[in-house]
> 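Let me begin by handing over the structure; questions about it come next.
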Amino acid sequence: MSYEFTLIPGDGIGPDITEAAVKVIEHAGIKIYWDVQSAGLSAIEKYKDPLPESTLDSIAKNKIALKGPLTTPVGKGFRSVNVALRKEFDLYVNERPAKTYKGIKTLYDHIDMVIFRENLEEFYSGIEHYIDSSRSAAETIGIVTKRGCERILRYAFDYAKKHDRKKVTAVHKANILKYTSGLFLDTAREIAKEYPDVQFNDKIIDNMAMQMVLNPYQFDVIVTTNLFGDILSDLASGLVGGLGMAPGANRGPEISLFEAVHGSAPDIAGMNLANPCAIILAAVMMLDSIGETDAAVRIEKAVAAVIAEGKNVTRDINPDNYVGTKEITNSILRELDK
Ligand code: NAD
């Protein structure tokens with residue numbers, strides 16, 4: 001079977017790591033015609049638009065996209081294209097697994113948790129402005145809806161059930177944000193009753209951050225609102241050795257977009273230093289989603305073997321003895337041949 005999906009190489013290290021992912025998928029025997037499209041800074045250079053219509057049309061048609069990281073100017077310039085893509089395609093689920101791989105120095109071994117972050121609401125709605133002409137104060141509006149809470153919570157519980165995960169933890173700040181976070185917590189308690197076989201508890205975000213560092217083994221599936229999920233998933237990446245091994249999926253009712261958790265890493269762009277494993281693991285999630293489970297398992301095993309051997313790993317994994325993006329990719333390809 002062959003597929004047609006959208007490929008957005010992205011900015012900074014994006015083109016190098018997406019090229020690596022495409023090679024690995026092809027080497028695993030999966031035939032994909034990639035409709036290559038632009039977004040972010042590279043799209044501004046080409047089309048004077050960070051999110052051209054042709055990119056949106058391609059994703060709408062193909063339903064699945066693999067996306068490199070996109071640069072978002074801090075505090076000025078165009079709004080996040082990542083946020084715009086999520087809104088455009090109703091990608092309300094942000095799924096970020098955090099798993100330890102042998103060979104990577106971490107505080108803990110055998111971590112295996114999944115964070116589900118509501119991807120569209122609350123403080124990422126982009127409803128913000130200065131409240132006076134001298135710009136001495138600014139306001140942002142975080143809207144949380146019952147429907148938004150219900151669907152992300154249900155997704156997390158369904159995932160737990162399907163993947164034989166034992167426990168779901170809902171993370172909130174309902175003691176202070178009594179309405180927005182309160183709505184999320186109340187809904188979590190309601191939905192939990194529909195899943196009597198899955199254990200449920202809740203944690204306040206600040207305590208949660210500490211608990212994850214002190215004893216991550218108490219967590220299995222974590223579900224939370226947008227901003228908390230953004231921060232906790234980076235914390236979880238830190239627990240498993242950094243951003244280089246952290247993949248993510250943005251899922252909606254019809255369309256899914258797969259990417260690495262990390263950004264465009266402008267500090268190492270074009271230097272053959274980027275670790276391609278996160279986007280390769282995102283491709284593993286993509287293949288798993290379309291039922292190409294055998295290829296997904298083989299690719300993940302190949303990545304794990306290269307990392308465990310430790311001879312051909314990138315600088316973020318071993319700063320004293322490292323190879324480049326191209327070389328680690330070739331090692332993964334060789335491992336797939338075994
Ligand atoms: P970043 O993730 O790009 O980089 C943080 C640090 O991690 C840097 O030192 C970088 O060199 C390193 N790093 C990141 N990915 C790496 C990899 N694959 N291999 C080796 N080292 C890696 O975060 P940032 O510097 O805060 O953001 C840079 C840009 O990326 C910003 O414009 C930001 O908005 C954007 N961003 C995009 C996404 C996305 O497209 N999904 C996500 C996060 C950040």
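One-based numbering, in listed order, for ligands and for the atoms of each.
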> Search all heavy atoms of Arg298 against all heavy atoms of Ala28 and return the closest pair with its distance.
NH2-O, 2.6 Å
> Of the choices Thr72, Asp234, Asp267, Ile268, which has the non-hydrogen atom that lies closest to atom 21 (N) of ligand 1?
Ile268
> Show which atoms of ligand 1 fall inside a sub-4.0 Å distance from at least one heavy-atom site of Leu243.
2 (O)
> Minimum distance, heavy atoms only, to atom 3 (O) of ligand 1: which one of Ala265, Ala260, Gly12 is it?
Ala265
> Should Ile141 and Tyr124 be counted in the same cluster of Ile, Leu, Val, Met, Phe, Trp and Tyr side chains packed under 4.5 Å apart?
no
> Rounded to the nearest 0.5 Å, what separates atom OH in Tyr108 from atom CG in Asn215?
6.5 Å
> Going by the closest heavy atom to atom 41 (N) of ligand 1, which one wins out of Met245, Glu259, Arg315?
Glu259
> Nearest non-hydrogen atom to atom 29 (C) of ligand 1 belongs to which of Ser264, Gly263, Ala278?
Ser264
> When you group the ILVMFWY residues by side-chain heavy-atom contacts below 4.5 Å and let the links chain together, are Ile204 and Leu185 in the same group?
no
> With side chain to side chain contact (heavy atoms under 4.5 Å, CB included) as the criterion, how do Asp337 and His27 come out once you've worked through the C-alpha distance, each side chain's angles and the decisive distance to 0.1 Å?
CA-CA 8 Å; Asp337 287 335; His27 211 78; 2.9 Å; yes
> Using a strict 4.0 Å cut-off to heavy atoms of Thr71, name the atoms of ligand 1 that fall inside it.
32 (O)
> Applying the 4.5 Å side-chain criterion to the ILVMFWY set and letting contacts propagate, would Leu232 and Tyr217 be lumped into a single cluster?
yes
> Decide whether Ser289 and Arg251 meet the rule of one side-chain donor and one side-chain acceptor closer than 3.5 Å.
yes
> Which is it for Val261 and ligand 1 at heavy atoms under 4.0 Å: side chain, backbone, both or neither?
backbone
> With heavy atoms of Pro266 as the reference, note each atom of ligand 1 found under 4.0 Å away.
28 (C)
> Quick check on contacts: which atoms of ligand 1 are under 4.0 angstrom from a heavy atom of Ala274?
19 (N)
